[in-house]
Each structure stands twice: as structure tokens, then as C-alpha cells.
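Below is one structure; the comments refer to it alone.
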Amino acid sequence: MPGYQPSLVVVNPGSDTLARGFNLYRENCLMCHGADLRGQLSAPAMPVRDLTKFKDYKFGGTDQAIYRTIVYGIPKTAMGHFQDSLKPQQVWDLINFMKSKRTD
Ligand code: HEC
């Protein structure tokens, strides 16, 4: 996986509000992953996993793994990379928002 080594050492600094992560999710992720993070309603043709079930994440549900997925993307899929458009704190805000929706 691209970026695997560097992101193994990243540490989640926390977010003082979930609102920023929610807004970032709406602007950057909702069109594919859905308003409910489960992907089915807004984009039925897109084969995305249910992002509320961290244990089912194919590329890992730890802070470090999710950071890597968002920053570097998943090659050969519609999941692009956000290393040029999101700052590290914004990625953590997104992750902390996603964790607030976690169901497993
Ligand atoms: C253009 C559509 C699209 C956008 C926009 C998008 N994703 Fe994805 N995402 C996907 C697809 C498709 C996959 C599944 C790739 C695969 O087949 O493994 C995926 C996979 C993921 C995964 C990996 C889940 C796992 O199983 O490990 C995470 C986490 C994720 N996306 C988060 C995000 C976040 C956060 C954003 C916004 C910053 C975002 N995605 C934006 C399409 C998108």
C-alpha cells in the first residue's frame, strides 16, 4: 500500500469539535459513502463498505490505517487520495467524526 510506512507512526491528536469533521465529510465523502456513512442510499452503484462498521474495514480500522486510506487512497478503486486537499488535522477531524458514528 502506498504510504504504509509513514502513516504507521501517526498519532491522533483528537478534535475539539465534531462539526468540522462532519462538514469535511459532507464536502468530500458523502457523494460516495452516503449521508449515513453506509453508502447505499446516495450511490447504490458504488461498491463501498459500511463505514460505521470498523471491524469490516478491508484496509484496517485503526486510526493509523484509516489515516493511510484517506491520505493515500486505495489504488485502482474510486477511493482517491486526499494528501493534496486535506491537512493532517482535517484528516483527524474526519476520522474522529467517523468514530462518532461507529456501530461495532
Ligand atoms: C469517488 C467516490 C469516493 C469518495 C469521494 C470517497 N470514497 Fe472512500 N471509498 C470509495 C470506494 C469505492 C471504496 C472501496 C474501495 C475498495 O473497493 O476497496 C472506498 C473506501 C474507503 C475506506 C476504506 C474502508 C475499508 O474497507 O478499509 C475508507 C476509510 C474511506 N473510503 C473513507 C473515505 C473518506 C473519509 C472520504 C472523504 C474524505 C472518502 N472515502 C471519499 C469511494 C469514495
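Start at 1 and go down the list; that is how both ligands and their atoms are numbered.
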Got a salt bridge between K55 and D104, using NZ or NE/NH1/NH2 to carboxylate O under 4.0 Å? no

Of all heavy-atom pairs linking C32 and V48, the shortest is O-CG2, 3.7 Å

Minimal heavy-atom distance between V91 and L86, with the atoms involved, is CG2-CB, 3.9 Å

So for Y25 against ligand 1, with non-hydrogen atoms under 4.0 Å, the contacting part is neither

Per-atom filter on ligand 1: closer than 4.0 angstrom to a heavy atom of C32 are 1 (C), 2 (C), 3 (C), 4 (C), 5 (C), 42 (C), 43 (C)

When every non-hydrogen atom of Y25 is compared with those of L37, the smallest separation belongs to OH-CA, 3.5 Å

In ligand 1, the atoms that come under 4.0 Å of a heavy atom of L94 are 38 (C)

Counting from 1 in the order shown, the ligand 1 atoms closer than 4.0 Å to a non-hydrogen atom of Y57 are 25 (C), 26 (O), 27 (O), 29 (C)

A student comparing D56, I74, V48 should find that the heavy atom closest to atom 20 (C) of ligand 1 comes from I74

Atoms of ligand 1 under 4.0 Å from any heavy atom of T77, numbered from 1 in the order shown, are 15 (C), 16 (C), 17 (O)

A student checking ligand 1 against F82 at a 4.0 Å heavy-atom cut-off should list atoms 37 (C), 38 (C), 41 (C)

Row for atom 8 (Fe) of ligand 1: angle SD (M79) to NE2 (H33), 10° precision, value 180°

Taking only non-hydrogen atoms of T69 and a 4.0 Å limit, the atoms of ligand 1 in range are 22 (C), 23 (C), 28 (C), 29 (C)

Ligand 1 atoms nearer than 4.0 angstrom to some heavy atom of I70 are 35 (C)

Minimal heavy-atom distance between R26 and L30, with the atoms involved, is O-CB, 3.7 Å

Open item on the list: Could you check whether K99 pairs with D63 (Lys NZ or Arg NE/NH1/NH2 to Asp/Glu carboxylate O, under 4.0 Å)?
Closed with: yes

Taking it one step at a time, do T52 and R102 satisfy side chain to side chain contact (heavy atoms under 4.5 Å, CB included)?
CA-CA 4 Å; T52 70; R102 179 175 183 165; 6.0 Å; no

Nearest heavy atom to atom 25 (C) of ligand 1, choosing from E27, K76, K58, belongs to K58

Minimal heavy-atom distance between N96 and G14, with the atoms involved, is ND2-C, 3.5 Å

